[in-house]
Visitor: 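Below you'll find the structure I mean.
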Amino acid sequence: MIITILFYLFAFDNIFTVPMRWVSMLFLLLAEIIGSIKAITCSKTIIGISKITSSIIHVIAVLLLSLLFVNVMPFHLKQYLLINMLFLAALFVADTVITFFDGHIKEKDTALSGSQAILRGCYTKFEEIRITNNRPEYETEFKEISELLKYADNSAVSGDEIAVSSQMDELAALLHADGDTKDIEAKLAEIKAALGVRALKIAGGKRGGF
């Protein structure tokens, strides 16, 4: 910005002689100020770099436009103002779109972290049940459910996770009380069925989604 001011002061004996000169300097300074604010405040992410890049393009566009109008069309002030207004509007739209996608991505990341934590909690709970209750007669079912939980789609939740967790608590109670074999096997089958329903819901919810 200092270089821009010095350039105009040294390039023209009196920059206020022709309105185009000082108006072009003001628009160029405005573009540089917007870009500087972004460079200071934006994070070093793809989104932040995109915002800074949009301002760099804006500064270059204003600079080229100023060179053209100051040297070739110094008395077409209205056209210069109009084009700069369009540049500012385009910059605003570009930054708005970038900000929208930034919020959308953050929302998706937050949801993903939450669903991953829920599935991880279910898997950990079942592993504790399996290890605490070392029952060889149910080892095949234990391993099957463990695999279903371990490799389950954790990118979203379906609402069945609470039911699965409750069924695990019921299974743990049955195992601790050395319940009837049929009841334990039925509860294991119930958990597998619930996980199957959850997988179908997650897959169905992703069809055509963004």
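Scope of the values below: all heavy atoms of this structure, side chains included, with no hydrogens, waters or symmetry mates.
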Visitor: After noting the C-alpha distance and the side-chain angles of Lys192 and Glu144, does the key distance pass the side chain to side chain contact (heavy atoms under 4.5 Å, CB included) rule?
Guide: CA-CA 8 Å; Lys192 285 191 288 185; Glu144 187 176 349; 3.3 Å; yes
Visitor: So how far is it from Ile52 CD1 to His58 NE2, rounded to the nearest 0.5 Å?
Guide: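 So the gap between those two atoms works out to 15.5 Å.
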Visitor: Applying a strict under-4.5 Å side-chain criterion to I, L, V, M, F, W and Y, I'd like to know whether Leu82 and Phe75 cluster together.
Guide: no
Visitor: How long is the straight-line distance from CD1 of Ile56 back to CD1 of Ile49, given to the nearest 0.5 Å?
Guide: 10.0 Å
Visitor: Quick one: does any side-chain atom of Ser54 pair with a main-chain N or O of Lys51 as donor and acceptor, under 3.5 Å?
Guide: yes
Visitor: In terms of heavy-atom contacts, does CD of Glu107 have more than 12 from other residues, nucleotides or ligands at under 6.0 Å?
Guide: no
Visitor: Do the charged groups of Glu185 and Lys182 touch, with an N to O distance under 4.0 Å?
Guide: no
Visitor: Check Val59 against Ala31 and note the closest heavy-atom contact, atom names and distance.
Guide: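 Taking Val59 first and Ala31 second, the nearest heavy atoms are CG2-O, 3.6 Å.
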Visitor: Under a single-linkage rule joining Ile, Leu, Val, Met, Phe, Trp and Tyr whose side-chain heavy atoms are separated by less than 4.5 Å, which residues share a cluster with Leu112?
Guide: none
Visitor: Could you check whether the rings of Phe100 and His104 sit parallel, tilted or perpendicular, using 30° and 60° as the cut-offs?
Guide: parallel
Visitor: Considering residues, nucleotides and ligands other than Ile3, do more than 12 of their heavy atoms fall under 6.0 Å from its CD1?
Guide: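 Open.
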Visitor: At what distance, to the nearest 0.5 angstrom, does CH2 of Trp22 lie from CG of Leu29?
Guide: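 Answer for the CH2-CG pair, Trp22 versus Leu29, is 12.5 Å.
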Visitor: Test of understanding: clusters of I, L, V, M, F, W, Y form through side-chain heavy atoms closer than 4.5 Å, transitively. Do Ile34 and Ile60 belong to the same one?
Guide: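 They do not share one cluster, since no chain of ILVMFWY contacts under 4.5 Å joins Ile34 to Ile60.
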Visitor: Can you name the closest pair of heavy atoms from Ser115 and Ser155 and give their distance?
Guide: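 Between these two residues, the closest heavy atoms are OG-C, 3.5 Å.
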Visitor: What's the separation between atom CG in Asn133 and atom CD in Glu128, rounded to the nearest 0.5 Å?
Guide: 11.0 Å
Visitor: Are Glu127 and Arg130 within salt-bridge range, i.e. N to O under 4.0 Å?
Guide: yes
Visitor: Tell me whether Leu6 at atom CG has more than 12 heavy atoms from other residues, nucleotides or ligands lying less than 6.0 Å away.
Guide: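 Counting neighbours around CG of Leu6, more than 12 heavy atoms of other residues, nucleotides or ligands fall under 6.0 Å, so yes.
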Visitor: Closest heavy-atom contact between His76 and Phe69?
Guide: O-CE2, 3.5 Å
Visitor: Rounded to the nearest 0.5 Å, how far does NZ of Lys108 lie from OG1 of Thr110?
Guide: 11.5 Å
Visitor: When Ile, Leu, Val, Met, Phe, Trp and Tyr are grouped by side-chain heavy atoms lying under 4.5 Å apart, directly or through other members, which residues fall in the same group as Phe142?
Guide: Tyr123, Phe126, Ile129, Tyr138, Ile145, Leu148, Leu149, Val164, Met168, Leu171, Leu174, Leu175, Ile184, Leu188, Ile191, Leu195
Visitor: What distance do Glu32 atom CD and Met25 atom CE have between them, rounded to the nearest 0.5 Å?
Guide: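 Atom-to-atom, Glu32:CD and Met25:CE are 10.5 Å apart.
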Visitor: Using the test ring pair (Phe, Tyr, Trp, His ring centres under 6.0 Å), find all partners of Phe27 that sit at least two apart in sequence or belong to another chain.
Guide: Tyr80
Visitor: Please list all pairs passing the salt bridge (charged side-chain N to carboxylate O under 4.0 Å, His left out) test where one or both residues lie in residues 154-166, with sequence neighbours left out.
Guide: Asp160-Lys201, Glu161-Arg198
Visitor: Could you identify which residues cluster with Ile47, counting Ile, Leu, Val, Met, Phe, Trp and Tyr as linked when any side-chain heavy atoms lie under 4.5 Å apart, either directly or through a chain of such contacts?
Guide: Ile98, Ile105
Visitor: Is Met20 reachable from Leu30 through a run of I, L, V, M, F, W or Y residues, each pair having side-chain heavy atoms under 4.5 Å apart?
Guide: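 In one cluster: yes.
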Visitor: Is the shortest distance from a Lys or Arg side-chain nitrogen in Asp102 or Lys106 to a carboxylate oxygen in the other one below 4.0 Å?
Guide: yes
Visitor: Would you mind checking if Asp178 and Arg135 are paired as a salt bridge, meaning a charged N to carboxylate O distance below 4.0 Å?
Guide: yes
Visitor: Hey, quick one: are Phe87 and Leu68 part of the same hydrophobic cluster, counting side-chain heavy atoms closer than 4.5 Å, chains of contacts allowed?
Guide: yes
Visitor: Check whether Ile37 and Met1 end up in the same hydrophobic cluster, where Ile, Leu, Val, Met, Phe, Trp and Tyr are linked by side-chain heavy atoms less than 4.5 Å apart.
Guide: yes
Visitor: If every non-hydrogen atom of Leu77 is compared with every non-hydrogen atom of Pro19, which pair is closest and at what distance?
Guide: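 Heavy atoms of Leu77 and Pro19 come nearest at CD2-CB, 4.1 Å.
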Visitor: Transitive ILVMFWY cluster of Ile46 at side-chain heavy atoms under 4.5 Å: who else is in it?
Guide: none
